[in-house]
Asks: 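Provided herewith is a single structure, encoded as structure tokens, for subsequent inquiry.
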Amino acid sequence: MKKYFTILLVLAAFTSISFAQMQFGLKAGANISNLIGDDAIDTETKTGFAAGVFFMYQFSTMFAIQPEIYYTMKGATEKQSISGVTVDFTYTLDYIEIPLLLKLLIPIQGSSINPAIFAGPAIGINTTAKFKAEAQGQTLEEDLEDVKSTDIGLVVGAGIGFPVGENELGFDLRYILGLTTIDDSADEFDIKNSVVNFNVYFGFSL
């Protein structure tokens, strides 16, 4: 019995290796971000930019693993009236984000289009934490205090790819939900990142 089990394992490993397809790619897109949570103030969305690289390892006809690393601009905006003066606040939170995604590839018989859905955890390393106040042509910008240096999140999304020779041009839409508070004060107020992200990517077949 052990002999047959070993043979099956070898055959499975050989099949996986012989099938394996890999891509290295570039991606860039736009963010629509906000701050959510029980202690978050009533903010509005902020637009930002995201760009980076990814590596996809497809180990079967329907599954792939895709680690990524990219720079992403998050945060929120707010408008307040103070003593009859309208003040525009911008909260800027930029990160180096590293997700590890499991992709479910959805083959379409007779078509070269490659749709997929994906999900996975992400860790963000904070690089910028600032707020800016603008009113009557004057601007005040300062660092945000008590912001955690790392942010843990969950990524879910879907995409579609189109073959360009042996390579792939594609688009994806994803939601990144912060799972931990960004507040690093003693009170640890419940304030989390929330981002809708749209990307264009180009994958080079390896």
Side-chain angles (χ1 to χ4, degrees), residues 27-55 65-103 117-159 172-199 201:
K27 52 174 284 184
N31 288 342
I32 301 174
S33 63
N34 208 336
L35 296 173
I36 61 172
D38 293 341
D39 300 310
I41 58 178
D42 188 17
T43 55
E44 298 177 356
T45 58
K46 171 183 176 291
T47 57
F49 179 72
V53 297
F54 67 89
F55 173 78
I65 294 175
Q66 182 167 303
E68 304 177 347
I69 181 168
Y70 53 84
Y71 187 78
T72 181
M73 299 176 177
K74 303 183 182 183
T77 62
E78 181 190 9
K79 192 183 294 287
Q80 290 187 17
S81 180
I82 302 174
S83 300
V85 177
T86 299
V87 183
D88 294 311
F89 294 94
T90 302
Y91 303 93
T92 298
L93 298 164
D94 295 349
Y95 294 86
I96 300 294
E97 196 150 80
I98 307 170
L100 178 60
L101 306 176
L102 177 64
K103 299 184 73 172
I117 57 176
F118 52 83
I123 182 169
I125 302 168
N126 183 255
T127 61
T128 303
K130 293 182 178 291
F131 84 91
K132 181 170 64 174
E134 298 174 283
Q136 297 182 330
Q138 297 185 355
T139 300
L140 171 67
E141 187 170 14
E142 293 186 4
D143 290 335
L144 277 171
E145 299 181 356
D146 297 325
V147 173
K148 287 186 176 180
S149 59
T150 57
D151 183 38
I152 305 300
L154 174 67
V155 181
V156 293
D172 74 49
L173 179 67
R174 60 183 66 186
Y175 177 63
I176 305 110
L177 171 66
L179 299 179
T180 57
T181 179
I182 64 171
D183 181 53
D184 200 30
S185 69
D187 296 310
E188 280 205 341
F189 293 111
D190 182 28
I191 305 172
K192 302 182 180 75
N193 284 305
S194 172
V195 182
V196 175
N197 169 246
F198 174 77
N199 290 296
Y201 68 86

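Values below: every heavy atom of this structure, side chains too, minus hydrogens, waters and symmetry copies.
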Asks: Using 30° and 60° as the class limits, which term best fits the ring planes of Tyr201 and Phe54: parallel, tilted or perpendicular?
Replies: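 Rings of Tyr201 and Phe54: perpendicular, over 60°.
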
Asks: Counting N and O atoms only, with roles assigned by atom type, does the side chain of Thr181 sit under 3.5 Å from a partner on the main chain of Phe189, one being a donor and the other an acceptor?
Replies: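 Checked: pair present.
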
Asks: Rounded to the nearest 0.5 Å, how far does CD of Glu68 lie from CZ of Arg174?
Replies: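 If we round to the nearest 0.5 Å, Arg174:CZ and Glu68:CD are 4.0 Å apart.
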
Asks: What's the separation between atom OG1 in Thr127 and atom OH in Tyr95, rounded to the nearest 0.5 Å?
Replies: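 Output value for this atom pair is 9.0 Å.
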
Asks: Just how far is it from atom CG of Leu102 to atom CZ of Phe118, taken to the nearest 0.5 Å?
Replies: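 The CG atom of Leu102 sits 11.5 Å away from the CZ atom of Phe118.
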
Asks: Taking all heavy atoms of Tyr175 and all of Ser194, pick out the closest pair and write down the distance.
Replies: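 It is OH-OG, 2.8 Å.
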
Asks: Between the side chains of Ser185 and Asp187, does any donor sit under 3.5 Å from an acceptor?
Replies: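 Short answer, no.
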
Asks: For Thr86 and Ala135, which heavy atoms make the closest approach, and how far apart are they?
Replies: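 Smallest heavy-atom distance, with atoms named: O-CB, 3.6 Å.
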
Asks: For Lys132, what residues pass the side chain to side chain donor-acceptor pair (under 3.5 Å) criterion, not counting sequence neighbours?
Replies: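 By the side chain to side chain donor-acceptor pair (under 3.5 Å) rule, Lys132 matches no residue at all.
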
Asks: Minimum heavy-atom separation for Ala133 to Val87, with atom names?
Replies: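 Reported closest heavy-atom pair: CB-CG1, 4.1 Å.
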
Asks: Would you please test Thr77 and Asp88 for side-chain contact (heavy atoms from CB on, under 4.5 Å) and show each step?
Replies: CA-CA 7 Å; Thr77 62; Asp88 294 311; over 6 Å; no

Asks: When rounded to the nearest 0.5 angstrom, what is the spacing between NZ in Lys74 and CD1 in Ile182?
Replies: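 Going from NZ on Lys74 over to CD1 on Ile182, the span is 9.5 Å.
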
Asks: How many angstroms lie between atom CG of Asn34 and atom CG of Asp42, to the nearest 0.5 angstrom?
Replies: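 With rounding to 0.5 Å, CG (Asn34) is 8.5 Å from CG (Asp42).
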
Asks: Using atom types as modelled and distance alone, determine if a side-chain donor or acceptor of Asn31 lies under 3.5 Å from a backbone N or O of Met73.
Replies: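 A pair under 3.5 Å: yes.
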
Asks: So, taking the atom named CG in Asn199 and the one named CG in Asp172, what distance separates them when rounded to the nearest 0.5 Å?
Replies: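 That separation rounds to 4.5 Å.
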
Asks: Taking side chain as C-beta onward, heavy atoms only, is Leu35 less than 4.5 Å from Ile41?
Replies: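 No. Closest side-chain heavy atoms not under 4.5 Å.
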
Asks: Counting only N and O atoms by type, is there a donor-acceptor contact under 3.5 Å from the side chain of Thr45 to the main-chain atoms of Ser33?
Replies: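 Side chain of Thr45 to backbone of Ser33, a donor-acceptor pair under 3.5 Å: no, none is there.
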
Asks: So, is the end of the Lys46 side chain (NZ or CZ) under 6.0 Å from the ring centre of Tyr91 and within 45° of the ring's axis?
Replies: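 Lys46 over Tyr91 ring: no.
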
Asks: Between Asp94 and Thr128 (side chain of the first, backbone of the second, donor and acceptor by atom type, cut-off under 3.5 Å), is there such a pair?
Replies: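 The answer is no, because no donor-acceptor pair under 3.5 Å joins these two groups.
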
Asks: If you look at every heavy atom in Tyr70 and Ala51, which pair is closest and at what distance?
Replies: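 The answer is CB-O, 3.1 Å.
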
Asks: Which pairs of donor and acceptor atoms, one on a side chain in residues 136-158, lie under 3.5 Å apart (sequence neighbours left out)?
Replies:
| residue | atom | partner | partner atom | Å |
| --- | --- | --- | --- | --- |
| Asp143 | OD1 | Lys130 | NZ | 2.7 |
| Lys148 | NZ | Glu188 | OE2 | 3.3 |
| Asp151 | OD2 | Asn193 | ND2 | 3.1 |

Asks: Is the side chain of Thr43 donor-acceptor paired with the backbone N or O of Glu78 at a distance under 3.5 Å, no angle test?
Replies: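 Pair absent, no side-chain N/O of Thr43 close to backbone of Glu78.
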
